[in-house]
Structures are given as structure tokens and as C-alpha cells.
**Student:** 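Before I ask anything, let me first share the structure, which is written out below as C-alpha cells.
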Amino acid sequence: VLFRSIILTLAECPYRLIARRSAGVSQLIDFEGKRVGVMPNSSAAYFVDRMLRSVGLSQTSVTAVPFMAKTQAPLSLMPHALASGEVDAVAVWEPYAQACKLAAGDDTIEFCDSALYRECFNLCTRAANLQDPALRPLIVDFVRAVLAATRELRSEEHTSELQSLAYLVCRLLLEKK
């Protein structure tokens, strides 16, 4: 039997429903009858379902507007669709979520509940690897290096650079429309 061990959570990412206030959305119950941009059969679609169910709605309470890679409606068009009113709300992962928020500006309202759904990106290994005297020190060194790099990136020295990079990525996504 192979047992896998999580040795480090690299990132924990809560999902967001980003809506336009001008579409009449101020609380989750207001999603009834709204057009929600989402990639079908994805983690974002699952998140929308969980959020809707938390207020007694279901997937049939909204009109899902599909966005998918390699189609006429790729994810990169979501920010424009939200800002232009083609959809009333979107549910998608980063960096598209932030690009959608930037595109619609002050008209946006966000809904998030990490207790209902969030994604965790974990570094895993098998128990046998941790018990192997040759592999364990390599794994420990790697984890230490990741932690050191994370501390360095989170330092005040790099905070503005990371924010600028995130902003640049979102701007590039918006320009692709």
C-alpha cells in the first residue's frame, strides 16, 4: 500500500464569485436569474454550486455562460464579458478573477467562503521516501529551500515587486480580449 504524505502546503487559494452591483447583486440570494460566466465541469463550477446551495439556490437558479480554453469564449474574455454586462458575475481562478475585478472596477462585489471551497496546492511524497535515509535529507533540504524562498518573496523588499507583477499579469489578460 502506498501512503502519500503532505509535507508542505504551497498555496491555499479561496475562490471568489465576482459580480456587478449594477446587475442588482448585493448578496448571494440576488444571483437568482443572473448570468454567471464559468468554465463548465470545473472547480469553479463546483464552487458556484456550493455558494448557491448555501443560500437555498441551485445551479438551475442561474444561467451558466460557458467560457473554455480553445473555444470562441476563452477564459481571457471573461473580464470583458463582466465589464460589458454580457454576464452578471463570474467564477474563475487566478489570475482571471483579479483581471475580472479590475475590468469591472468599482462596480464589483465579491463573495467568498473558504469553508465551502478552496484549493490547496500541496507538495506530497510517499511515506517510503521519507523513511529512505538517502532521500529524506534531499526532501528536507528542498522543503527548507522552498520555505526560505517564500520568506524572501514575502519580505517587504519584494512585496511591491510581487504586487506589480500580479497587476501586470492582470493587465496583460485584459489587453488580450
**Student:** For residues 60-69, dump all side-chain donor-acceptor pairs below 3.5 Å to protein atoms at least two apart in sequence or in another chain.
**Tutor:**
unit_1, atom_1, unit_2, atom_2, d
Thr60, OG1, Ser58, OG, 2.8
Ser61, OG, Ser58, N, 3.0
Ser61, OG, Ser58, O, 3.2

**Student:** If you take all heavy atoms of Leu116 and Arg50, which pair is closest and at what distance?
**Tutor:** O-NH1, 3.3 Å
**Student:** Picking from Val25, Val90, Ile109, Val92, what satisfies side-chain contact (heavy atoms from CB on, under 4.5 Å) with Ile18?
**Tutor:** Val90
**Student:** State, yes or no, whether a side-chain contact exists between Val48 and Phe31 at a heavy-atom distance under 4.5 Å.
**Tutor:** no
**Student:** For Ala134 versus Pro137, what's the shortest heavy-atom pair and its separation?
**Tutor:** O-CD, 3.6 Å
**Student:** Are Glu94 and Arg16 within salt-bridge range, i.e. N to O under 4.0 Å?
**Tutor:** yes
**Student:** Nearest heavy-atom pair of Gly105 and Thr108: which atoms, and what distance?
**Tutor:** O-OG1, 3.0 Å
**Student:** Check this for me: Asp141, atom CG, are more than 12 non-hydrogen atoms of other residues, nucleotides or ligands nearer than 6.0 Å?
**Tutor:** yes
**Student:** To the nearest 0.5 angstrom, please state how far the CG atom of Leu10 sits from the CG atom of Leu123.
**Tutor:** 5.5 Å
**Student:** Could you tell me which residues satisfy side-chain contact (heavy atoms from CB on, under 4.5 Å) with Leu147, sequence neighbours excluded, listed by chain and number?
**Tutor:** Leu8, Val143, Arg151
**Student:** Which residue pairs pass the side chain to side chain donor-acceptor pair (under 3.5 Å) test with at least one member in residues 30-39, sequence neighbours excluded?
**Tutor:** Ser26-Asp30, Arg35-Asp88
**Student:** Please give me the minimum heavy-atom distance between Leu17 and Phe47, naming the atom from each residue.
**Tutor:** N-CE2, 3.6 Å
**Student:** I'd like to know if the side chain of Asp113 and the backbone of Ala115 have a donor-acceptor N/O pair within less than 3.5 Å.
**Tutor:** yes
**Student:** Heavy-atom count check: over 12 atoms from other residues, nucleotides or ligands less than 6.0 Å from Ile6 CD1?
**Tutor:** no
**Student:** Looking at CD of Glu110 and NZ of Lys101, how far apart are the two atoms once the value is rounded to the nearest 0.5 Å?
**Tutor:** 4.0 Å
